[in-house]
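See structure below.
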Amino acid sequence: MLINKTSCTAFKSLMAATVLLLCPVTAAGRVINVRGSVVSAGNNEPLQGVTIRDAQTERLIGTTNIEGKFTVSIDDAGTLLFSIMGSEDLAEPVGGRMALDVKMLPKARELDEVVVTAKSNSNVMTIDPAELDVVGNYIHLKKRVKIPHRLFSSNSRMIIQPTIYNVTRRHLSYLKPVVFDGHRYAITQTRMLDWDPSLDPLTPYREVKRTGRRTDDYVTIQDSLYVDNPKEDFMCVVMTSLENYNRVVYADTFMIARGSVNPLRFLSYDLRGYNLTDEQYLPQPEVFLRDSKGDINLVFEVGSSKLDLSMGNNASEIEKMAGEFRVIENDPDMTLKSFSISGTASPEGNYGRNLELANARMEAAMEAVMGAVPASLRRGAAISSEAAVASWRDVEEMLRRDGRDREADAVRKVVDAYPASPDMQSARMRRLPFYKTLLVEDYLPRLRKVSYEMVYSRYRPLTDEEIAALYAKDRRSLSKYNFWRYYQSRTDDRDREAVLREALGAHPDFLAAATDLSALLINRGEADGSVLEPFFADDAKATRLPDASVYDMAVAAMAESRYTRADSLMERLPDTEEFHKGKVYSAAMCGRYAEVVREISEDSPLNEVLLLLAMKDNATASERAARLGDSAVEEYVKAIAANRMDMYVEALVHLENALRLDPSLRDVARVDGDVTDLLQDIEASAGANE
């Protein structure tokens, strides 16, 4: 018997939905190879697993790969039929084209509208319902499928392709296929001269029938799929195809699971975020060169330029100044920038004489003061002096500050009468009735003085007031430490968040700010894993991060349903009191139930029931569920437990109670494989009563 060697290669792509047979086409036209791609109309996303048939023969001739690309052989005047679940079928005439790119429109109806009817005929396949079990971020499928011997012959290959369709995101994922070859089919494959098993992508999944011809066979579908959010809506669709050497004999599609089984979606726990307290990761105090001022006031006798240290506070003022100089000289973080002396005379008498007196006082003070300035400080410092005569307007202002408005008005009247003549002002002032008793005795002596001012720079931390002013003016210029100081001075939760976000904007590598911001958001119920995620991008650096950062990242990951990520981080942490609860619940969410069942059961009766359901201990779970309260979630969990024990009426009542107490649970029930059947009955009953 001659075997056509090109008729037996199947499934050119691992991700194909059905069989690929490269059989010669019997037609009058010219056979050409057509290459192209298939994308979804609208978003141009590549579509993998699109089946391609010859419209004339209805024979499957190809499928698209993971990039949506295909290569098929067809008559140059033929028509290609493209089909995939979730999109409208498309017929595309070849018209001699060797390059063909197509776009497929999404179907108006969703996959969840697929209805699989029961088949009682013994020569067709049936696949009973299955469960999609969620553990952590993985969906697990395990199902035994019967292949009827009346359907399957020794010259056949059965391909079973399970898929998981994310209804929420409208994305189809392919699991490992099951490839079951009849005995003669397997021999034919082996004897083909150009057949290379290593080039057949289905070889790893291939199983050969070993039982008798009249024996039904059972194969196992078993695989897992990682999903970003296990709380989304999933369904399992299985596509089957039976082929012989040159054609598809039988094909069918089954929806075997709607919704995922995930009782731990209701597991309740309160994990708090931790601020970073490890000193080695906190910003250290920083010093800045800042200017400060010092001053001194020396008083003189009337008409005298001699500095009398016994007069007033002259001696203590000189000593204070000398002490400041000593501090500057002995502090390596300080330096004198400038030193200035100003001598002032009071305005009574002749203006020219007063100015000479002011200069004399300034020189006398300069001689006395400069003797106290160490030579090492004078170098590099700007030294200046100035002499001046106080005006009668200065006297007026002093009177007003003391509440003597009547006397101040009298002084102002004299000044306004002789605005350009200080000497005439002084002469007229002597006629005022309060001149001797008030001005000469009290106010004029205050204006006879020498003052100095020195400006020095010193390295020191900014004060809280200086940091606040800088934050208001130019916050991006703040150092990590000053951001940290300002953040700690805030008491309002929203203010603290704003400061930490500003700090990370100015310093993206500010680990302490990221850790405390993550903890703040966790404790407010707004966990955000993106805050700390950049610090975990480098695995080598991530292993050296402090425990508080690792823990906060893990808690944020759990809040975002990234349980596998959270568990890997929790396992890095020591089993201390502060981290223990997080380690327990991450272990539970990732399926290590036996390790934590006792502790979680002690936390709450509801958590105990949920863990028993996850462990498939349905009898005990049903018994414990009966003791729960009557809140919406507890009623819902009672419905799950009763439904698993086939107590249909009781389960229906509990679910109706739950939906009445909390209508939002209806959205959960639609994706929950434990109660989707109950919800369908409830909605069907409600529709019938309308």
Side-chain angles (χ1 to χ4, degrees), residues 134-138 226-231 264-265 267-283 484 487 496-497 500 503-504 508-604 607-608 610-611 614-615:
V134 171
V135 178
N137 285 93
Y138 286 89
Y226 180 89
V227 294
D228 291 329
N229 186 353
K231 295 180 181 178
L264 293 190
R265 72 177 82 237
L267 197 67
S268 61
Y269 47 86
D270 182 20
L271 301 180
R272 309 293 292 172
Y274 287 113
N275 289 343
L276 189 56
T277 57
D278 193 331
E279 290 290 337
Q280 65 175 313
Y281 296 100
L282 298 181
W484 192 250
Y487 147 67
R496 290 166 70 87
E497 178 187 353
L500 290 172
L504 285 169
D509 62 339
F510 197 172
L511 177 63
T515 303
D516 277 29
L517 175 58
S518 181
L520 182 153
L521 295 174
I522 289 169
N523 295 336
R524 204 164 66 199
E526 301 173 5
D528 183 358
S530 67
V531 173
L532 276 168
E533 194 67 58
F535 297 89
F536 290 82
D538 187 330
D539 291 338
K541 293 180 180 179
T543 58
R544 299 192 295 269
L545 291 175
D547 289 346
S549 304
V550 176
Y551 183 77
D552 287 349
M553 182 68 241
V555 174
M558 288 186 69
E560 295 170 342
S561 300
R562 295 186 292 152
Y563 304 115
T564 303
R565 170 76 162 146
D567 196 44
S568 66
L569 293 172
M570 288 292 187
E571 287 188 332
R572 288 168 45 183
L573 296 170
D575 194 9
T576 60
E577 181 179 355
E578 56 186 344
F579 303 140
H580 181 72
K581 188 66 71 176
K583 293 171 74 70
V584 165
Y585 277 93
S586 71
M589 297 306 297
C590 287
R592 300 198 303 281
Y593 309 127
E595 299 176 18
V596 297
V597 60
R598 181 184 58 81
E599 287 188 70
I600 290 183
S601 297
E602 291 173 353
D603 277 358
S604 76
N607 280 356
E608 178 186 16
L610 294 172
L611 208 60
M615 297 170 68

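The first residue in the sequence is number 1, and the count goes up from there.
- Here OG1 of Thr564 is found 10.5 Å from CG of Asp228. Values are rounded to the nearest 0.5 Å.
- A distance of 8.0 Å separates CG in Asp528 from CG in Leu517, rounded to the nearest 0.5 Å.
- Counting heavy atoms from C-beta on, the side chains of Leu545 and Leu511 come closer than 4.5 Å.
- Shown are Val531, Leu500, Leu521; of these, the side-chain contact (heavy atoms from CB on, under 4.5 Å) with Asp516 is made only by Leu500.
- When every heavy atom of Ala588 is checked against every heavy atom of Leu264, the shortest pair comes out as O-CD1, 3.4 Å.
- Rounded to the nearest 0.5 Å, atoms CZ (Phe579) and OG (Ser586) are 12.5 Å apart.
- Counting only distance, with no hydrogens or angles, the side chain of Asn607 and the backbone of Leu267 share no donor-acceptor pair below 3.5 Å.
- Judged purely by atom type and a 3.5 angstrom limit, Lys583 uses its side chain to pair as donor or acceptor with the backbone of Leu573.
- The aromatic rings of Tyr226 and Tyr138 sit perpendicular, their planes meeting at an angle over 60°, well past the 30° parallel limit.
- Expressed to the nearest 0.5 Å, how far CG of Leu276 lies from OG of Ser518 amounts to 11.5 Å.
- Put simply, the residue from Tyr563, Tyr269, Tyr593 that forms a ring pair (Phe, Tyr, Trp, His ring centres under 6.0 Å) with Tyr585 is Tyr269.
- With sequence neighbours excluded, no residue forms a side-chain hydrogen bond (donor to acceptor under 3.5 Å, both in side chains) with Thr543.
- Remark: Arg562 CZ to Asp567 CG distance equals 13.5 Å, nearest 0.5 Å.
- Not a single donor-acceptor pair under 3.5 Å links the side chain of Asn137 to the backbone N or O of Pro230.
- Closest approach of Trp484 and Ala513 over heavy atoms only: CZ3-N, 4.0 Å.
- Nearest heavy atom pair, residue Phe536 against residue Arg565, reads CB-NH2, 3.3 Å.
- Within the 4.5 Å cutoff, the side chain of Asp603 has heavy atoms near those of the Lys581 side chain.
- Between the side chain of Arg572 and the backbone N or O of Ser568, no donor-acceptor pair lies under 3.5 Å.
- The two atoms that bring Arg592 and Val596 nearest to each other are O-CG2, 3.6 Å, heavy atoms only.
- Atom CG of Asp575 and atom CE of Met570 lie 11.0 Å apart (nearest 0.5 Å).
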Sequence neighbours left out, cut at 3.5 Å: what donor-acceptor pairs do the side chains of residues 551-559 make with other protein atoms?
from	atom 1	to	atom 2	distance (Å)
Asp552	OD1	Tyr274	N	2.9

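- Under a 3.5 Å cut-off, the side chain of Glu560 and the backbone N or O of Gly529 do form a donor-acceptor pair.
- Listed here is the closest heavy atom pair of Asn523 and Gly273: OD1-N, 2.7 Å.
- Across every non-hydrogen atom of Ser549 and Thr515, the tightest pair is OG-OG1, 2.7 Å.
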